[in-house]
Participant: 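This structure is in structure tokens; I'll ask about it shortly.
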Amino acid sequence: MKLHLTGLAIALLATTALAPAHAAAPAAAKNAAIAGVEARTKMAQEMVDQVFSYAEPGFQEFKTSEYLTGVLEKNGFKITRGVAGIPTAWTATWGDSGPMIALGSDIDGLLGLSQVPGSPAIKPLVEGAPGHGEGHNSGMPMMIIAAIAAKEVMEKNGIKGRLMLWPGVAEELLATKAYYVRAGLFKDVDASIFAHVSRDFSTGWGDMGNNGMVSVEYTFKGYTSHAAGAPWFGRSALDGVEIMNTAWNFRREHLPLTQRSHYVITNGGGQPNIVPGTASVWYYFRETNFDTVRALYETGNRIAEAAAMATDTKVTRRILGYAAPNHGNKPLAEAAYANIVAVGMPAWSAEDQAFAKAMQETNKVKVEPLSTKVAPLSTPDGRGPSMGGGSDDIGDIMWTVPTITIRYPSNIPSAVGHNVQSAIAMATPIAHKGVVAGAKAVAMTVLDLVTTPKIIADAKTYFTQVQTKTQKYDPVIGPEDMPAIDLNRAIMAEMRPKMEPFYYDPAKYGTYLEQLGVKYPGVPVK
């Protein structure tokens, strides 16, 4: 251990010398934080596996939140539960003076993506149940390990600073962070670090190329009649939904290439011989900036009204979520990247590489080994122009306080996102090692921020004079819009009893794979 830390200290000093125009925390403090993370390697594994086993979707993360807040409470953090009117949301705070650093990551799973971890083939743990097909079981455990390690160093060395941890609830629905901002959760925050699972180890700054998004459900109201005996007396709400969808699909040809829009019919009526009196359709509208996403949403509203007029029905709408475009803070990203480089990628074993290859070959995706090199710092010049794409509601916090996202290497290259493939590795040594690496970089960056006032000052200057100079935070949600905390309630009422027998018991089993009787890597190792 001593030789490892001494070598890393040399790497830290070399990286600091190359870092952009600011000092960094003393190498001794960072080495102590790294040692604190390494000492909690077993704790990291247990937390990652435990949250994986809960696999709760958006707004239903009750067991997950109870477990994570319990860990934080035992480690000296003050918990405030039910923040922003969301039962599964919370904050965990520590410290009474100095800069406040917010640390967050998402905790929700995805519907229908239950998967046995460590199985290269698709194999549901509970048929039809939710699962962590985006790897959100790993982020908050990583942040908690980092926070405890940084806190320990700060306490021992009398370093002033405050920490606030918070979970991304219902991120897959893009449904809470705008409400966090509206509730003032970040009003005292000086800098924010967010983390997301990845196949690489990286961060970036500038316009990140994500689309902003509005999630909205349109409900049409007509009135029922016998569909065969007297259909002329009815007014079909489903006709309103179908005409809206048809009109929207014709409109797509005349929308910018950067837009993304998609929908599902959430209520199509009861049975064929009854003219549907109520029908609903749920849309995601995505565009690259505040003005264009609002314009896309307003176009959808006009088409919905036109469909209602055409069918002699009425239509109402309910916003279910919102996400601002993402913009990373340059000084924070540069400081964090220096620490990412110093930590480097995990030391993957032959077993890890064999398992990754087995997963890729079994699922017929590109075979690519686990990366052994840190990704370059992502910059606007390196990324090039964006043609639009996915969304992440961390954008709402990015437009409120200086914020970055750190991507940590806990998953397998080529695994399809929002798919069971992305759950396969998420309770294996690959996930555990990536979390430990990410926690080191986060803890080191926290120490930089609380010991080097210039980094936070530069971050705030970038935020006010570059990021928000010509574009301001302009969310679509209004004061009457409320978090859609009813979502996924019914599915979990059905699925939770089936899932409970598979919850991880770390008191009896060393790992979740051991509990499930899964051998790792389960394939020949060359």
Participant: Would you indicate whether Met482, at its atom CE, is surrounded by more than 12 heavy atoms from other residues, nucleotides or ligands within a distance under 6.0 Å?
Facilitator: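 Enclosed: over 12 neighbouring heavy atoms sit under 6.0 Å from CE of Met482.
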Participant: Can you tell me if Lys187 has over 12 outside heavy atoms packed within less than 6.0 Å of its NZ?
Facilitator: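 No, the 6.0 Å shell around NZ holds no more than 12 heavy atoms from other groups.
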Participant: Quick one about Asp381 and Thr379 (side-chain donor to acceptor, distance below 3.5 Å, no hydrogens or angles considered), yes or no?
Facilitator: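 No pair is found: no donor N or O on one side chain lies under 3.5 Å from an acceptor on the other.
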Participant: Does one side chain, of Asn301 or Tyr218, offer a donor that lies under 3.5 Å from an acceptor on the other?
Facilitator: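 Yes - a donor-acceptor pair under 3.5 Å links their side chains.
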Participant: Determine whether Asp474 and Trp399 make a side-chain contact, defined as any pair of heavy atoms from C-beta on separated by less than 4.5 Å.
Facilitator: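 Answer no - side chains too far apart.
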Participant: Examine distances only and state if a side-chain atom of Gln421 and a backbone atom of Val416 form a donor-acceptor pair shorter than 3.5 Å.
Facilitator: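 Yes; at least one donor-acceptor contact below 3.5 Å.
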Participant: Would you check if the side chain of Gln50 reaches a backbone N or O of Tyr67 as a donor-acceptor pair within less than 3.5 Å?
Facilitator: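 No.
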Participant: Using a strict threshold of under 4.0 Å (side-chain N to carboxylate O), is an ion pair present between Lys454 and Glu334?
Facilitator: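 No, this pair does not count.
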Participant: Heavy atoms only: give me the nearest Ser105-Phe194 pair and the separation to one decimal.
Facilitator: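 Smallest heavy-atom distance, with atoms named: CA-CE1, 3.5 Å.
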Participant: Can you confirm whether Val51 sits close enough to Met140 that some side-chain heavy atom of one is under 4.5 Å from a side-chain heavy atom of the other?
Facilitator: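 In short, these two side chains do not touch, never coming nearer than 4.5 Å.
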Participant: Could you report the tightest heavy-atom contact between Asp392 and Asn326, atom names first, then the distance?
Facilitator: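 Residues Asp392 and Asn326, closest heavy atoms: O-ND2, 3.0 Å.
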Participant: Between Thr311 and Asp239, is there a donor-acceptor pair closer than 3.5 Å when you use the side chain of the first and the backbone of the second?
Facilitator: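 No; zero donor-acceptor contacts below 3.5 Å.
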Participant: Evaluate the side chain to side chain donor-acceptor pair (under 3.5 Å) criterion for residues Ser391 and Tyr284: first the C-alpha distance (whole Å), next the side-chain angles of each, then the deciding distance (0.1 Å), finally the verdict.
Facilitator: CA-CA 10 Å; Ser391 310; Tyr284 277 12; over 6 Å; no
Participant: Just do the side chain to side chain contact (heavy atoms under 4.5 Å, CB included) check on Met492 and Phe62 with the steps written out, would you?
Facilitator: CA-CA 11 Å; Met492 280 307 286; Phe62 291 100; over 6 Å; no
Participant: Should Asp393 and Lys177 count as an ion pair when the cut-off is N to O under 4.0 Å?
Facilitator: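 Yes, charged N to carboxylate O under 4.0 Å.
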Participant: So, Asp190 and Lys460, do they make that salt bridge, N to O below 4.0 Å?
Facilitator: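 Yes.
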Participant: What heavy-atom pair brings Ile86 and Ile485 nearest, and what distance separates the two atoms?
Facilitator: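 Ile86 and Ile485 have their closest heavy atoms at CA-CG2, 4.3 Å.
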Participant: Any idea which heavy atoms bring Arg317 and Tyr297 closest together, and the distance?
Facilitator: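 Scanning both residues completely, I find the closest heavy atoms to be NE-OH, 3.2 Å.
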Participant: Spell out, as yes or no, whether a donor-acceptor pair under 3.5 Å connects the side chain of Ser114 to the backbone of Val126.
Facilitator: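 Judged by distance alone, yes, a pair lies under 3.5 Å.
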Participant: Distance from Ile394 atom CD1 to Met208 atom CE, nearest 0.5 Å?
Facilitator: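 Result: 11.5 Å between the selected atoms.
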Participant: Pairing donors with acceptors under 3.5 angstrom, does anything connect the side chains of Thr219 and Arg318?
Facilitator: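 Side-chain D/A pair, Thr219 to Arg318: absent.
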Participant: Step by step, would you call Thr80 with Thr93 a side chain to side chain contact (heavy atoms under 4.5 Å, CB included)?
Facilitator: CA-CA 8 Å; Thr80 303; Thr93 55; 5.7 Å; no
Participant: Is there a side-chain contact between Met143 and Ile193, using heavy atoms and a 4.5 Å cut-off?
Facilitator: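 SC-SC contact between Met143 and Ile193 confirmed.
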Participant: Closest heavy-atom contact between Ala441 and Thr445?
Facilitator: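 In terms of heavy atoms, the two residues are closest at O-OG1, 2.8 Å.
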Participant: Do Asp108 side-chain atoms and Glu171 backbone N/O form a donor-acceptor pair below 3.5 Å?
Facilitator: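 Answer holds: yes.
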Participant: Any side-chain donor paired with an acceptor under 3.5 Å for Tyr180 and Thr400?
Facilitator: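 Their side chains do not contain a donor-acceptor pair, so the 3.5 Å distance test is not met.
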Participant: Can you tell me how far apart OG (Ser378) and CZ (Arg407) are? Round to the nearest 0.5 Å.
Facilitator: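 Separation between the atoms: 8.5 Å.
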Participant: Mind checking whether Met499 and Pro130 have side chains closer than 4.5 Å, heavy atoms only?
Facilitator: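 Result yes, sub-4.5 Å side-chain heavy-atom pair found.
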Participant: Do you know which two heavy atoms are closest between Lys151 and Asn75, and how far apart they sit?
Facilitator: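 That would be NZ-O, 3.1 Å.
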Participant: State, yes or no, whether a side-chain contact exists between Ile145 and Val436 at a heavy-atom distance under 4.5 Å.
Facilitator: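 In short, these two side chains do not touch, never coming nearer than 4.5 Å.
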Participant: Any donor-acceptor pair under 3.5 Å linking the side-chain atoms of Asp312 with those of Tyr223?
Facilitator: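 Not at all, the side chains of Tyr223 and Asp312 share no donor-acceptor pair under 3.5 Å.
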Participant: Distance check, rounded to the nearest 0.5 Å: Tyr322 atom OH versus Arg294 atom CZ?
Facilitator: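 With rounding to 0.5 Å, OH (Tyr322) is 7.0 Å from CZ (Arg294).
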Participant: So, does Asn137 use its side chain to make a donor-acceptor pair with the main chain of Met426 at under 3.5 Å?
Facilitator: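 Yes.
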Participant: Determine which pairs satisfy side chain to side chain donor-acceptor pair (under 3.5 Å) with at least one residue from residues 205-215, sequence neighbours left out, and list them in order.
Facilitator: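 Found Ser215-Trp282.
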Participant: Should Leu173 and Leu320 be marked as a side chain to side chain contact (heavy atoms under 4.5 Å, CB included) after you check the CA-CA gap, both sets of side-chain angles, and the distance that decides it?
Facilitator: CA-CA 8 Å; Leu173 301 170; Leu320 299 179; over 6 Å; no
Participant: Run the ring-centre check on Trp248 versus Tyr263 and record whether the distance is less than 6.0 Å.
Facilitator: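 Ring-ring flag for Trp248/Tyr263: false, centres at least 6.0 Å apart.
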Participant: Can you check whether Ile265 reaches Asn245 side chain to side chain, under 4.5 Å on heavy atoms?
Facilitator: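 They are in contact (side-chain heavy atoms under 4.5 Å apart), so the answer is yes.
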Participant: Should we say atom CD of Glu127 is surrounded by more than 12 heavy atoms from elsewhere, each under 6.0 Å from it?
Facilitator: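 Check fails, neighbour count at 12 or below.
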Participant: To the nearest 0.5 Å, tell me how far Tyr54 OH sits from Ile107 CD1.
Facilitator: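 These two atoms lie 12.0 Å from each other.
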Participant: Quick one: pull up OG in Ser65 and CD in Gln60 and give me the separation to the nearest 0.5 Å.
Facilitator: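 Reported to 0.5 Å precision, the distance equals 11.0 Å.
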Participant: Find the distance between NE2 (His132) and CZ (Phe52) and round it off to the nearest 0.5 Å.
Facilitator: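 CZ of Phe52 is found 7.5 Å from NE2 of His132.
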Participant: If we only count heavy atoms from C-beta on, is the Leu174 to Arg286 side-chain gap below 4.5 Å?
Facilitator: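 They are in contact (side-chain heavy atoms under 4.5 Å apart), so the answer is yes.
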Participant: Any donor-acceptor pair under 3.5 Å linking the side chain of Asp458 with the backbone of Ile455?
Facilitator: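 Pair absent, no side-chain N/O of Asp458 close to backbone of Ile455.
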Participant: Can you confirm whether Tyr473 sits close enough to Val181 that some side-chain heavy atom of one is under 4.5 Å from a side-chain heavy atom of the other?
Facilitator: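 A side-chain contact under 4.5 Å exists here.
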Participant: Verify, without hydrogens or angle tests, whether Gln467 (side chain) and Met398 (backbone) share a donor-acceptor contact under 3.5 angstrom.
Facilitator: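 Checked: pair present.
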Participant: Between Gln259 and Leu257, is there a donor-acceptor pair closer than 3.5 Å when you use the side chain of the first and the backbone of the second?
Facilitator: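 Side chain of Gln259 to backbone of Leu257: no pair is present.
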Participant: In this structure, are over 12 heavy atoms from other groups packed under 6.0 Å from Glu480 atom CD?
Facilitator: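 Atom CD in Glu480 is crowded, with more than 12 foreign heavy atoms closer than 6.0 Å.
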Participant: Check the pair Ile491, Asn488 against side chain to side chain contact (heavy atoms under 4.5 Å, CB included), reporting the backbone distance first and the verdict last.
Facilitator: CA-CA 5 Å; Ile491 188 68; Asn488 294 326; 4.0 Å; yes
Participant: Using distance alone, with no hydrogens and no angle criterion, decide if Ser422 and Glu134 have a side-chain donor and acceptor under 3.5 Å apart.
Facilitator: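 Side chains of Ser422 and Glu134: no pair found under 3.5 Å.
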